Every structure is written in structure tokens, then in C-alpha cells.
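First comes the structure, then the notes that go with it.
Along the sequence shown, residues carry numbers from 1. If you're wondering where the values come from, they're calculated on a predicted model, not measured in any experiment. Atoms within a ligand are numbered from 1 in the order they appear, just like the ligands themselves.
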Amino acid sequence: EMKGEFMNIAAHELKTPLVPIISYLEMMLHDTNLTEKQMKKMKICLASAKREANLVADILDISKIDAGSMKMEFDEVDLIELLNEASEGMLPVTEMKSLYLKTDLPEKLPPVKGDYRRIMQVISNLINNATKFTEEGGITLKAVNKGSKILVSVIDTGIGIQKSDLNKLFEKFFQVDSTARRKQGGTGLGLAICKGIVEGHKGQLWVESEGIGKGTSFNFTIPIFKATLLCWKSRS
Ligand code: ADP
């Protein structure tokens, strides 16, 4: 408990000074009097500060999940709208690697009971990972109505995962050990956070891969909003 509390306080203390560092660096980069050399160094500082801010945000999220204190604002969420928004937002990331990013969505889906911002965090994380570990082909976002829940899948045509590692992926700080993967950086906290968020929605998150070179599919479920479920069932 004390370790968790320490992590939380340390992460908060690390986060506070990063706010002015990042904003001032962003402001200074707009200064037209900078030489090219100064600009380059400033950009490196900004990228490093942002990387640290992301790490601190991950540590704060995981300590909230561990303490069971991650706040969720549940509402009726339209997953079609969310997945389309995620796909548009992530397009620049996949386009940089010339990968496709497509959606395979039904015309309509009943709303789920969810926290829009947190589900978006899960999807963005999964698309980011898929982009990091895919060199050819691309990523498909899929959603299917499974009766009392919606099944969402992020399917990539990337490097895949060997069967013996599948269960370990959701452990904190776990990264599959290979040079190609280590080059991608990251903290190994992303999937543990995604799992915490999905389980906070009373859903499940799991991974499927036929093995190395055969792509990966991350799947999660989110329960349908109860009141809507009754109407939806009586209509069909
Ligand atoms: P990070 O990406 O910061 O290392 P994650 O928890 O998001 O941490 O992922 C843990 C590990 O799972 C990654 O380091 C990578 O080895 C593996 N992984 C995640 N997503 C994929 C994917 N789509 N394809 C292949 N490997 C993946």
C-alpha cells in the first residue's frame, strides 16, 4: 500500500514541473529568430519532455487501477462514432508508415455503458501498438453485436506474437524480448492499463495471434447499456 502511495505521489510531483517545461518549449519553438541548430535541439528537448510526460501519465493510470481508484464517467456511448473518430485521429500515424487503417462496422449498434475518453484511450493504444509492430498491410477496426455486449477488435497484419508470450502481454512492464521490438521503445504499461480500463467497464480484453509473422488481433467487450438492451431486444 505504501509503495503504491509513494508511486502515486512521486508521479504527481514529476508531472507538475513538466507542464511549464512543455508549454514553454512549444512557445519557444514558434520563435522565428531561432537558428536551425537551436530549433533542432529544442525539438529534441520537447520530444523527450513529452515522452517523460507519457510515462508519468502511464504510472499515474496504473497506480489508480491498482488502487481501484480510477474514476470512470459512465454514459451511453455510441461505439460506431467512437471508432470512426479514433480511425480519423490515428490516420496520420498509420499513413506515416504507409499502412491502411480501415473500419468494418455494422450500420447500427446499441450504445454501450462506457467512459468515452477511457475507451478512446484503449483504442488509441491498441492502434498505436498495431502500427509499431506492422510493416506491411495495415489495421482493421471491427465491432460486432454479441447480444448483451459489443465485441471490438483491432486486427493487424504485423509481426505477430508467439503463443507462449500471449498470456504475459498484460503484465505490467512486460515487453516481448526481441531486438526488432525493443527498437520500438515503450514502457510495457500500455496493455496493463487497457486491461484495467476494460475490466473497469465489466468487459474482457484478450489477444489472439497465430504466431510470428501472422498478425495479431486484440479483442475486448463492453456491456450494452441496460435500458437500451431491453428496447433493442423487444424491437428485434
Ligand atoms: P509497450 O508498447 O509500451 O511496450 P504494451 O503493454 O502496450 O507496452 O505492449 C507490451 C508488449 O506487447 C510490446 O512491447 C510488444 O512486445 C507486444 N505487443 C503489443 N501489441 C502488439 C502487436 N499489435 N503486435 C505484436 N506485438 C505486440
Side-chain angles (χ1 to χ4, degrees), residues 7 11 14-15 47-66 70 83 86-87 89-91 93-104 117-143 151-201 203-221:
M7 284 273 279
L14 286 168
K15 186 179 158 185
S48 306
K50 282 188 172 170
R51 228 181 8 254
E52 191 165 328
N54 284 338
L55 172 62
V56 171
D58 277 358
I59 293 176
L60 278 172
D61 276 350
I62 204 74
S63 61
K64 278 187 215 140
I65 288 168
D66 284 349
M70 179 177 260
L83 291 169
S87 155
M90 297 301 285
L91 216 54
V93 181
T94 49
E95 271 178 356
M96 277 221 288
K97 282 184 82 177
S98 308
L99 300 171
Y100 65 74
L101 176 58
K102 57 184 184 193
T103 51
D104 177 359
R117 205 172 55 89
R118 290 293 181 189
I119 303 178
M120 185 61 95
Q121 184 180 349
V122 172
I123 293 283
S124 309
N125 207 316
L126 295 179
I127 300 176
N128 243 326
N129 275 354
T131 312
K132 277 200 288 187
F133 301 109
T134 305
E135 298 306 323
E136 256 174 59
I139 299 141
T140 308
L141 300 182
K142 197 173 165 182
L151 168 65
V152 179
S153 304
V154 178
I155 305 157
D156 69 55
T157 56
I159 62 173
I161 297 160
Q162 63 185 31
K163 290 240 151 65
S164 55
D165 282 330
L166 288 178
N167 285 334
K168 301 183 205 150
L169 290 193
F170 302 100
E171 285 168 17
K172 273 178 272 179
F173 300 110
F174 179 82
Q175 291 182 301
V176 176
D177 195 24
S178 80
T179 338
R181 286 174 203 263
R182 257 181 279 124
K183 260 200 303 201
Q184 298 296 336
T187 58
L189 283 175
L191 288 174
I193 295 170
C194 290
K195 192 169 161 52
I197 294 176
V198 170
E199 289 177 353
H201 282 77
Q204 282 173 306
L205 169 67
W206 70 97
V207 58
E208 286 164 20
S209 176
E210 287 306 313
I212 302 294
K214 303 214 170 123
T216 308
S217 162
F218 281 90
N219 316 291
F220 67 87
T221 54

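Contact of the N128 side chain with the M90 side chain is registered, since non-hydrogen atoms from C-beta on lie closer than 4.5 Å.
By heavy-atom distance, the residue among F218, F170, F133 lying nearest atom 15 (C) of ligand 1 is F133.
If you look at T134 next to ligand 1, there are no close heavy atoms at all, none under 4.0 Å.
Considering backbone and side-chain N/O atoms, G160 never comes within less than 3.5 Å of an N/O atom of ligand 1. Looking at A192 next to ligand 1, no N or O pair under 3.5 Å apart turns up.
Annotation for ligand 1: atoms under 4.0 Å from non-hydrogen atoms of A130 are 23 (N). Near I161, the atoms of ligand 1 lying under 4.0 angstrom from a non-hydrogen atom of the residue are 25 (C), 26 (N), 27 (C). Interface atoms of ligand 1 facing L169, defined by a heavy-atom separation under 4.0 Å, are 12 (O), 17 (C).
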- Task: Could you go through the side-chain contact (heavy atoms from CB on, under 4.5 Å) check for K97 and T134 one step at a time?
- Result: CA-CA 9 Å; K97 282 184 82 177; T134 305; 5.5 Å; no
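Taking all atoms of both residues into account, the shortest heavy-atom contact from S87 to L101 is O-CD2, 3.4 Å. Shown here for I127 and I139, the closest heavy-atom pair between the two residues is O-CD1, 4.3 Å.
Of the residues listed (V122, L126, V207), the one engaging L191 in a side-chain contact (heavy atoms from CB on, under 4.5 Å) is L126, and it is the only one.
The pair D61-R118 counts as a salt bridge, with a side-chain nitrogen and a carboxylate oxygen less than 4.0 angstrom apart.
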